[in-house]
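Contents: one structure, followed by commentary.
Each chain gets a letter, A, B and so on, in the order the sequences are listed, and its residues count up from 1. Please read these numbers as outputs of a predicted model, since none were measured by experiment.
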Amino acid sequence: MLEKLFDHGKIESKVIDKSKEIISKTTKNNSRKETFTITLPPPNITGSLHLGHAFTSVIQDMLLRFKRQHGYVVLGQPGIDHAGIATQIIVANQLREKGIHWQQLGREEFIAQVWKWKEQSGGTILYQLVRLGTSIDLDRVRFTMDPAASEAVAYAFTRLYKDGLIYRDKRIVNWDPVLKTAVSDLEVSNKTEDGKMWYIRYPMGQSDFITIATTRPETLFGDQALAVHPDDERFKHLIGRKVRIPLTDRVIPIIADEHSDPQKGSGIFKVTPAHDFADFEIGVRHNLPMMIIMDESACLNNEVPEEFRGLPVSVARAKVVNALEEKRLIVRIENIVHSVPRNDRSGAMIEPMVTNQWFLETKRLADMAIKAVEDGRIKFIPEQWTNTYFEWLRNIQPWCLSRQIWWGHQIPVWYAENGKMFCAPTEEEAIQQAAKYFEVSKEFVPKLTRDPDVLDTWFSSGLWPFVTLGWPEKTADLAKHYPTDVLVTGFDIIFFWVSRMIMLGLYFTKDVPFRTVYINPLVRDEKGQKMSKSKGNVIDPLHLMNKYGTDALRFTLATLAIPGRDIRLGESLVEIGRNFITKIWNAAKFIELKECFFEKEFDIYGGEIEAPLNRWIVRKLIEFKGQSELHINEYRFDLYAQCIYKFLKDTFCDIYIEAIKSCNDFETQRTACAVFLEFLKVAHPVIPFITEFLWEEFTRTQQVRGMLLTEPWADELSVQRGTGTSSGTDANLSYDATSKLTDYYIAVTEEIRSLRGIIGVKEKLDLLVISGEDDEFIARNTHWILNLGRLNSIEVVDAFPDGGIRFVVKNQEFYLKYSNEISRTVFDKKMQTLQSEIDRLAAKIQNEAYKAAKPAQWAEDVTLREQKEVELAKLKAVNF
RNA sequence: GGUCACGUAGCUCAGCGGUAGAGCACUGCGUUCACAUCGCAGGUGUCACAGGUUCGAUCCCUGUCGUGACCACCA
């Protein structure tokens, strides 16, 4: 006996335990050729499950389960990411709470601490994903820092270096003076803040001044030029003259550069090549010196006058402004709002600074990546994201690969004392290279020092789809599962990750890393705010799973998976999901109560079912299956979920179950159960727990069945067709005259119910039908028509008596016995609606152009109008 | 400044060349033996605005307004 309520807490872990082995078996199973592979975006080891993960995982899992049920060799490749900077920050903070500064520990000990912490927390998030039902193979979990991955990263770096794509260069980068590392421009956000604009006079000649505007007066010590626009008539005469930097004796030229905007500031601006991105470019164009005036903590260095040395930027700024004011070199100060770059992770103010870093030349890789999407080898869903992707790749900058932190893949480059670099996947090989270079045997190679920098986390992530399959070895897995099929992720990492995987994938494997990129919507809170810890509006998926059940959460997320739109999720939506799960439970209880057992010999698709109602529900089932398949294949998980909802509630419960309440025959019992089990199959990808549980409950006695997890959807019909898909339009096999009549009489009962509602009848009524072609059908199907129409009896007569309620469905008239006075307004309203419909149709039909353009549709409209006119005429004829 | 979305019932959102749908909310009825985490019935709309294409536009095109996101810039 099923319990009164579905207790998700009781069964979820059991289902997970039972599934484990099968999930990994289907991956290893070699009997089938077609594979379906998803590389899961590896969550950070620092992370715990949030709704974004949950959403992405559910979408991936629906695909995995769907494909697994369809016989593919399915691999959901799990992994976790070492998340360089993010993790280093967290562990450093933990150490600080113990009163230890991470740098005191020394590199080796610090890394040991991180590993320790990784062992503690690394598994949590995967466990949470499994709780969410994600059918990943836990035997195959990979970590971006595990030995094989590290080797692959070193190999990849070395190859790119050899091919001349990786180089070391002094370029301007975003420098985080707190973490003391370069960071990617993708990790820097511009935040709007209040600031000031200082108009400063630069002395020119004996008594002249040039006024420039700046928000960063303290950088003037690094100035190498003032710039005006070459076409700016006001200042043309100044080009080539020299000015003196205030507070110093340094003299710099006035140059002409297109970058200068005559409208902005004073029309003249200072050029500080080592500390501003635009100025850096100008500096390169005009071959200006790159004078670095700060140290790694953004304190002014020895290049500046003594009194300013060692001061942090903000202090130096005030002091410079003071000094300038004393010398009356400040013309005016404006309060402005401007944007200031900050590191997303640390919150630190970013200093653009010229430093020595490793770069990857990306132009060629970007071109390859653009082409792969242009020619359709990779498809974005929704397609609009290709624009974002293209735009970024077309304006791509060299990728700064190096980070001055400790946690990550150390750059595989060793230096000799004379500065000679040896890039090799291992130290051993670097020594060999050095031996060759120095023309000595290995033992006599002078001491080599490894580059202390580590690689940007996204470098290893960029190799992930093939590294997880064993690359650079030519493994069987790689041959079998690569390219992978679908990548599911959020739009926020198209630049960080998606494009890098495509670039590096094409470069190293000569093939795309995946064929489809499904960009899932961003989860926001009920008010449309981005969820974030600082706002305190984060909803914990574990809380939702505990309270409403994992299936409820999954179903709700699926209904919200609308392409191209952010979703707003509040608890109330999950409640709706839970209610639907309860509905399924209750349907199951009815099936059980009705003693509808499953029997494997009973074939609902075989065409042997006789009762019209049973044939009808099977036809609906086939349509439902076809629709569901279609929606999943088109990544419309929202429509797929809707389909499930509608079929179960509107079709199966509201009509079929209601109708069969009076049936206790063998065929109906078997059909009801079989159809319900078929429904469970189709719903399984989105709600795996309740479906698996009920599947077992109903098939237990038959022994032969395995888990629903691997139960194929394919039925006789689709097997016959050889397509594996059953589409709704092709379901004629059980759609015949009887089914049409069934549809019709269901419509009649709906009309009766509607009338009952409007009039407010409580008791059951008696229906009269004029004798005709349907007499036999009515006789055979009276039982369920009575149920659905809330009727007492149906009587076939030759003519209707006076009074009562008459109504028309299509061309046929019906009569309900009813002696009380009824309000005519109900019928007036019906007649009005009919009349306006007829008028509209009439206008359409008269349209000759319409008739010519769409003759079939036009003919349908003609028929429809005739029907409506009959209905109206009959209503008019009723005497009240 | 550039790009891309979005504007449909009170709310959240589907739909998309033949004048509209769901869920929630709301109203009425109902505890008839699957279901009150419920059932039955019901109402609800200048489909942001203005032009254009079309026999016909909520749907396609252009523009306007509004909202949001991303990128760039910010002397």
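- Residues satisfying the side chain to side chain contact (heavy atoms under 4.5 Å, CB included) test with A:A659, not counting sequence neighbours, are A:L613, A:W784, A:L788.
- Among the atoms of the strands shown, none is found under 4.0 Å from any heavy atom of A:I212.
- A:N546 is linked by a side chain to side chain donor-acceptor pair (under 3.5 Å) to A:R131, counting only residues two or more places apart in sequence or in another chain.
- With pairs defined as Watson-Crick or G-U wobble and both atom distances under 3.5 Å, the stems of at least three pairs that touch RNA chain B come out as B:1-7 with B:65-71, B:10-13 with B:21-24, B:26-30 with B:38-42, B:48-52 with B:60-64.
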Let me check something: any side-chain donor-acceptor pairs from residues 220-229 of chain A under 3.5 Å, sequence neighbours excluded? List them with distances.
residue	atom	partner	partner atom	Å
A:D223	OD1	A:K270	NZ	2.8
A:D223	OD1	A:T272	OG1	2.9
A:D223	OD2	A:Y202	OH	2.4
A:Q224	NE2	A:G222	O	3.3
A:H229	ND1	A:D231	N	3.1

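- For the side chain to side chain contact (heavy atoms under 4.5 Å, CB included) test, residues two or more places apart in sequence or in another chain that qualify with A:I785 are A:Y745, A:T749, A:N781, A:L791, A:I794.
- Comparing atom distances between the A:A849 side chain and each of B:G2, B:G30, B:C55 picks out B:C55 as nearest.
- Legend: residues meeting side chain to side chain contact (heavy atoms under 4.5 Å, CB included) with A:S754, ordered by chain and number and at least two apart, are A:I758.
- Across B:G2, B:U37, B:C73, the shortest atom-to-atom separation from the side chain of A:R578 is found for B:U37.
- Residue pairs meeting the side-chain hydrogen bond (donor to acceptor under 3.5 Å, both in side chains) criterion with at least one member in residues 849-864 of chain A, sequence neighbours excluded, are A:K844-A:D861, A:Y850-A:D861.
- Note on A:E750: nothing from the nucleic acid sits closer than 4.0 angstrom, heavy atoms only.
- Between A:I336 atom CD1 and B:C74 atom P there is a gap of 12 Å when expressed in whole angstrom units.
- Nucleic acid contact class of A:R636 (heavy atoms, under 4.0 Å, all strands): sugar-phosphate only.
- A:T214 comes within contact range of the sugar-phosphate backbone alone, with a heavy-atom separation under 4.0 Å but no base atom that close.
- A:E571 meets the side chain to side chain contact (heavy atoms under 4.5 Å, CB included) test with A:H543, A:L544, A:K547, A:Y548; sequence neighbours excluded.
- Sorted by residue number, the members of residues 647-657 of chain A with any non-hydrogen atom under 4.0 Å from RNA chain B read A:K649, A:C653, A:D654, A:I657.
- Of the residues in residues 853-863 of chain A, those lying under 4.0 Å from RNA chain B by heavy-atom distance are A:A853, A:K854, A:Q857.
- For A:F555 and A:F580, the ring centers sit closer than 6.0 Å to each other.
- At a non-hydrogen distance threshold of 4.0 Å, A:K583, A:N586, A:A587, A:K589, A:F590, A:L593 from residues 583-594 of chain A come into contact with RNA chain B.
- Not counting sequence neighbours, A:T582 has no partner by the side chain to side chain donor-acceptor pair (under 3.5 Å) test.
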